[in-house]
Number of protein chains: 2
Amino acid sequence: MPTLTIEPLTADAFRPFGEVIEANDSARHFSINDGFAERYHDLAHIDVASGGGRAIVSIFRALPRSLPMQLVLLERHPLGSQAFMPLSGLPYLVVVAEAGPVPDLAQIRCFRAAPGQGVNYAKGTWHHPLIALQAPSDFLVVDRGGKPGDANCDEHPLMGEAIWIKP
Amino acid sequence: MPTLTIEPLTADAFRPFGEVIEANDSARHFSINDGFAERYHDLAHIDVASGGGRAIVSIFRALPRSLPMQLVLLERHPLGSQAFMPLSGLPYLVVVAEAGPVPDLAQIRCFRAAPGQGVNYAKGTWHHPLIALQAPSDFLVVDRGGKPGDANCDEHPLMGEAIWIKP
């Protein structure tokens with residue numbers, strides 16, 4: 001059965017899928033508040049205006065998964081980006097495939113995010129639902145709010161594919 | 001010299017200034033991802049469209065202050081809201097006064113935010129620069145990105161007022 005390799009999450013590796021949200025020297029940053037804070041500026045492309053959308057802020061409280069686990073499905077949001085920032089100081093897994101009419105199952109990637117790393121899925125990026133590890137984990141989410149009935153979630157089932165993540 | 005009372009941060013107490021961002025039962029919430037996550041939905045009024053603005057995501061890395069401390073200034077962003085979510089599991093202080101041409105210094109409030117509580121300053125709310133406590137603290141910030149030269153920060157100096165926060 002296919003097993004995904006778990007890769008470290010880096011900005012370069014994640015670029016085809018969106019941005020890594022983290023405070024490091026490669027981001028534009030500058031001092032504010034009389035030197036009491038450093039601002040790491042504009043770290044993600046928040047792309048939510050399609051179809052009259054707006055940015056909204058939510059919290060996801062996720063139950064942890066245990067490995068090995070089988071991938072259930074990939075989903076995509078054709079109308080907007082979706083950013084996740086971990087609030088609980090725990091690592092988590094990010095499973096993605098590039099945007100397109102259907103995901104290329106041979107090109108699914110799995111990244112292990114460190115506690116200080118968020119991700120922003122670009123509009124249309126295929127992704128597995130959030131995979132928390134170790135303990136219940138909160139995430140701040142910045143995604144698109146729209147009108148009732150907006151078609152902003154496509155699903156691609158994977159249970160028949162037997163794709164696994166192993167420890 | 002005037003000393004601010006440090007109050008616990010609650011949604012009700014903070015309503016004149018914006019929203020508290022937290023996952024609790026009083027927020028609209030619903031199950032997603034086959035029951036693996038609970039979504040606490042649309043917790044803040046992200047109000048950034050004035051003057052052609054857009055939502056951006058940044059990280060502020062703040063140095064801690066020690067108490068007692070004297071308030072330096074209040075600032076406001078007349079073109080947009082500004083949301084802060086703590087990432088470092090530490091409490092922090094929020095100092096605010098209601099929107100208006102100048103802050104009413106007799107009505108300044110100081111709230112102690114718990115680690116799981118973020119705040120969203122409504123457009124125009126007067127606020128002191130971020131007051132981290134205990135250790136360097138990261139915050140995810142959702143505020144307004146605009147054009148160079150947009151006038152989106154007014155300052156009201158306070159050093160002459162001798163307003164203090166004590167432990």
Side-chain angles (χ1 to χ4, degrees), chain A residues 19 21-24 27-29 31-49 54-65 72-73 75 81 83-89 115-116 118 120 128-132 136-145 153, chain B residues 19 21-24 27-29 31-49 54-65 72-73 75 81 83-89 115-116 118 120 128-132 136-145 153:
Chain A
E19 298 88 29
I21 301 170
E22 60 187 333
N24 68 27
R28 179 180 164 212
H29 59 101
S31 181
I32 58 172
N33 297 352
D34 259 338
F36 275 96
E38 191 75 9
R39 180 177 177 127
Y40 296 83
H41 185 69
D42 197 3
L43 302 173
H45 179 45
I46 305 298
D47 179 10
V48 293
R54 68 187 194 287
I56 62 173
V57 168
S58 305
I59 292 174
F60 284 15
R61 177 159 288 171
L63 295 177
R65 319 266 187 150
V72 175
L73 57 82
E75 61 182 34
S81 60
F84 291 85
M85 193 72 200
L87 301 176
S88 298
N120 183 49
H128 194 273
L130 198 60
I131 301 175
S137 301
D138 284 358
F139 295 80
L140 196 77
V141 178
V142 181
D143 62 1
R144 178 186 179 278
C153 191
Chain B
E19 298 87 31
I21 301 169
E22 61 188 331
N24 68 27
R28 180 181 163 211
H29 58 101
S31 181
I32 59 172
N33 296 352
D34 258 340
F36 274 97
E38 191 75 8
R39 180 175 177 129
Y40 296 82
H41 184 72
D42 196 4
L43 301 174
H45 179 45
I46 305 301
D47 178 12
V48 294
R54 68 187 193 288
I56 62 173
V57 168
S58 304
I59 292 174
F60 284 15
R61 178 160 288 172
L63 296 176
R65 319 267 187 149
V72 175
L73 59 81
E75 61 181 33
S81 59
F84 291 86
M85 193 73 201
L87 301 176
S88 296
N120 183 49
H128 194 273
L130 197 60
I131 302 175
S137 302
D138 284 357
F139 294 81
L140 194 77
V141 178
V142 181
D143 62 1
R144 177 185 178 277
C153 191

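Chain letters run A, B, ... following the sequence lines, proteins first, then strands; residues in each count from 1.
- Both the backbone and the side chain of A:V57 come within contact range of chain B, each with at least one heavy atom under 4.5 Å from a heavy atom of that chain.
- Note on B:A55, B:P86, B:A23: by heavy-atom pairs under 4.5 Å with chain A, the leading option is B:A23.
- Contacts with chain B were tallied for A:R39, A:E19, A:E38, A:R28; A:R39 has the most, counting heavy-atom pairs under 4.5 Å.
- Side-chain contact check for B:L140 versus A:I21: some heavy-atom pair is nearer than 4.5 Å.
- Comparing B:H45, B:H29, B:E75, B:M85 by how many heavy-atom pairs each has under 4.5 Å with chain A, the most go to B:M85.
- Top candidate by heavy-atom pairs under 4.5 Å with chain B, chosen from A:I46, A:D42, A:D143, is A:D42.
- In this structure, no portion of B:P115 lies under 4.5 Å from any heavy atom of chain A.
- B:L73 does not touch chain A: none of its heavy atoms, backbone or side chain, sits under 4.5 Å away.
- Looking at A:V72, only its side chain comes within 4.5 Å of chain B, counting heavy atoms on both sides.
- Of the two parts of A:E22, only the backbone, made up of N, CA, C and O, holds a non-hydrogen atom closer than 4.5 Å to a non-hydrogen atom of chain B.
- With a threshold of 4.5 angstrom between heavy atoms, A:P136 does not approach chain B through any atom at all.
- Note: B:I59 leads B:I59, B:N33, B:I56 in heavy-atom pairs under 4.5 Å with chain A.
- Contact of B:R54 with chain A is made through the side chain alone, with heavy-atom distances under 4.5 Å.
- No part of A:N120 comes within reach of chain B, as not one of its non-hydrogen atoms sits under 4.5 angstrom from that chain.
- Among all heavy-atom pairs drawn from B:S58 and A:Y40, the shortest one is CB-O, 3.0 Å.
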